[in-house]
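Beneath this line is the structure, given in structure tokens, with notes to follow.
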Amino acid sequence: MIDWARLQGVYGPAHTVPSALQAAETGAEDAWEELWTQLWHQGSTCEAGIAALPALASLAQHTNRAVKFPAIELAGEIVGAALREGRPLDEMKELQQPLAMLSASADGRLSERPADYRTYFRAKLALDGFPVLSDILDDFLDFCTEVLCPRCSDKVSIVIGDFGRYSSIRDWDLGDVHPIPLRPAAPDDLQGVEGRLHQAAVRDGQPRLAWGLRHVFGDAECGTCGAVFSVISALET
């Protein structure tokens with residue numbers, strides 16, 4: 001049993017969370033608004049948010065779409081925030097099954113090809129252990145982010161979009177100096193979670209997303225020291 005009164009929500013003691021979870025099972029919008037307010041705020045979460053994940057996993061199995069879909073989205077945001085904050089979710093055995101259930105629910109939603117596909121793909125990314133990519137994911141039309149080279153620690157820009165697919169040491173006066181083409185992963189080489197995420201994008205008719213993921217799950221070269229490194233590993237590190 002969870003002693004909610006002892007847990008902290010975003011704005012104080014979380015003693016109202018159980019009643020909000022119970023009300024959310026009816027699809028009540030005000031209950032979901034309260035849960036968002038109590039458990040997540042501007043990219044951060046709290047101990048009550050983590051404690052609520054098993055309940056959200058249960059709600060994500062609901063037949064009522066007004067219950068199921070908000071549970072997936074909120075859980076994805078909580079997990080993404082918790083992982084970015086360095087909370088050791090992978091060490092919490094009681095969360096292993098709920099997180100697996102939530103990931104499966106997110107995948108089921110994606111297979112329906114919803115209009116807000118990226119919302120649920122972002123949730124699945126977080127639930128599958130890629131919180132930073134979940135946070136910055138876009139449509140790969142003009143994706144640009146910065147990582148640290150794992151060898152020399154210089155800042156390397158990663159560009160994936162209509163302007164090119166390359167790594168570069170960015171000069172703020174001259175722009176991207178000496179761009180080096182990225183080395184995208186071959187679809188057949190993607191294994192485990194990365195392979196399943198790519199396959200989901202292909203399955204659901206999201207070719208641009210699948211193409212972008214191949215580059216994110218591929219390698220880049222540092223223009224300073226020549227080190228070749230995994231883009232996703234550098235990004236999540």
Side-chain angles (χ1 to χ4, degrees), residues 42-44 73 76-77 79-86 106 110 113 115-237:
Q42 295 183 351
S44 64
E73 185 177 354
E77 293 289 3
V79 170
L83 292 175
R84 288 192 297 273
E85 292 166 2
L110 292 173
R113 303 188 181 189
D116 50 351
Y117 185 93
R118 197 166 63 189
T119 295
Y120 294 95
F121 200 89
R122 288 182 61 248
K124 184 163 175 61
L125 282 170
L127 292 164
D128 286 352
F130 298 108
V132 177
L133 180 57
S134 170
D135 194 41
I136 65 174
L137 183 73
D138 68 3
D139 51 15
F140 289 115
L141 294 175
D142 187 19
F143 179 92
C144 181
T145 190
E146 198 171 69
V147 301
L148 295 181
C149 170
R151 178 189 290 172
C152 71
S153 298
D154 206 352
K155 293 180 179 179
V156 181
S157 293
I158 303 294
V159 175
I160 306 171
D162 289 342
F163 295 102
R165 287 79 65 191
Y166 59 83
S167 61
S168 178
I169 305 301
R170 177 159 292 182
D171 184 297
W172 292 108
D173 293 322
L174 301 177
D176 288 335
V177 180
H178 304 305
I180 302 172
L182 295 177
R183 306 176 187 185
D188 291 343
D189 291 338
L190 291 171
Q191 303 295 321
V193 175
E194 295 178 359
R196 291 192 292 274
L197 287 165
H198 177 264
Q199 290 167 10
V202 173
R203 174 197 69 195
D204 301 334
Q206 303 288 327
R208 188 78 181 201
L209 177 59
W211 171 84
L213 289 175
R214 286 181 54 215
H215 287 80
V216 168
F217 294 146
D219 293 331
E221 182 177 338
C222 174
T224 299
C225 71
V228 176
F229 58 89
S230 161
V231 174
I232 189 64
S233 294
L235 182 64
E236 294 293 342
T237 300

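Note: hydrogens, waters and symmetry copies are ignored here, and every other heavy atom, side chains too, is used.
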Please check if the side chain of [X] supplies one atom and the backbone of [Y] the other of a donor-acceptor pair under 3.5 Å.
| X | Y | result |
| --- | --- | --- |
| Arg151 | Cys225 | yes |
| Glu236 | Leu133 | yes |
| Arg214 | Ala185 | yes |
| Arg113 | Asp204 | yes |

Quickly, which of Ser168, Cys144, Pro179, Ser167 forms a side chain to side chain contact (heavy atoms under 4.5 Å, CB included) with Val159? Name it, please.
->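 Among Ser168, Cys144, Pro179, Ser167, the one that satisfies the side chain to side chain contact (heavy atoms under 4.5 Å, CB included) with Val159 is Cys144.
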Measure across [X] and [Y] and return the closest heavy-atom pair with its distance rounded to 0.1 Å.
| X | Y | value |
| --- | --- | --- |
| Gly76 | Leu127 | CA-CG, 4.3 Å |
| Val132 | Leu235 | CG1-O, 3.8 Å |
| Phe229 | Cys222 | CE2-N, 3.9 Å |
| Gly43 | Arg84 | O-NH2, 3.7 Å |
| Asp142 | Asp139 | N-OD1, 4.4 Å |
| Glu146 | Ser157 | OE2-OG, 4.2 Å |

Side chains of [X] and [Y]: does their closest heavy-atom pair fall under 4.5 Å?
| X | Y | answer |
| --- | --- | --- |
| Lys124 | Leu197 | yes |
| Arg170 | Val177 | no |
| Leu83 | Phe130 | no |
| Val156 | Ile169 | yes |

[atom1] of [X] to [atom2] of [Y]: how many Å apart, nearest 0.5 Å?
| X | Y | atom1 | atom2 | value |
| --- | --- | --- | --- | --- |
| Ile158 | Leu182 | CD1 | CG | 5.5 Å |
| Asp188 | His198 | CG | NE2 | 9.5 Å |
| Ile232 | Thr237 | CD1 | OG1 | 9.5 Å |
| Asp138 | Leu209 | CG | CG | 10.0 Å |
| Ile180 | Arg165 | CD1 | CZ | 15.5 Å |
| Glu221 | Arg183 | CD | CZ | 5.0 Å |

Look at the rings of Phe143 and Phe140 and say which category their plane angle falls in: under 30° parallel, 30 to 60° tilted, over 60° perpendicular.
->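 Answer is tilted, since the angle falls between 30° and 60°.
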Please assess Glu73 against Thr119 for the test side-chain contact (heavy atoms from CB on, under 4.5 Å), listing each intermediate value before the final yes or no.
-> CA-CA 7 Å; Glu73 185 177 354; Thr119 295; 3.8 Å; yes
Looking at Asp162 and Arg208, does any basic side-chain N land under 4.0 Å from a carboxylate oxygen?
->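 So Asp162 pairs with Arg208 through a salt bridge.
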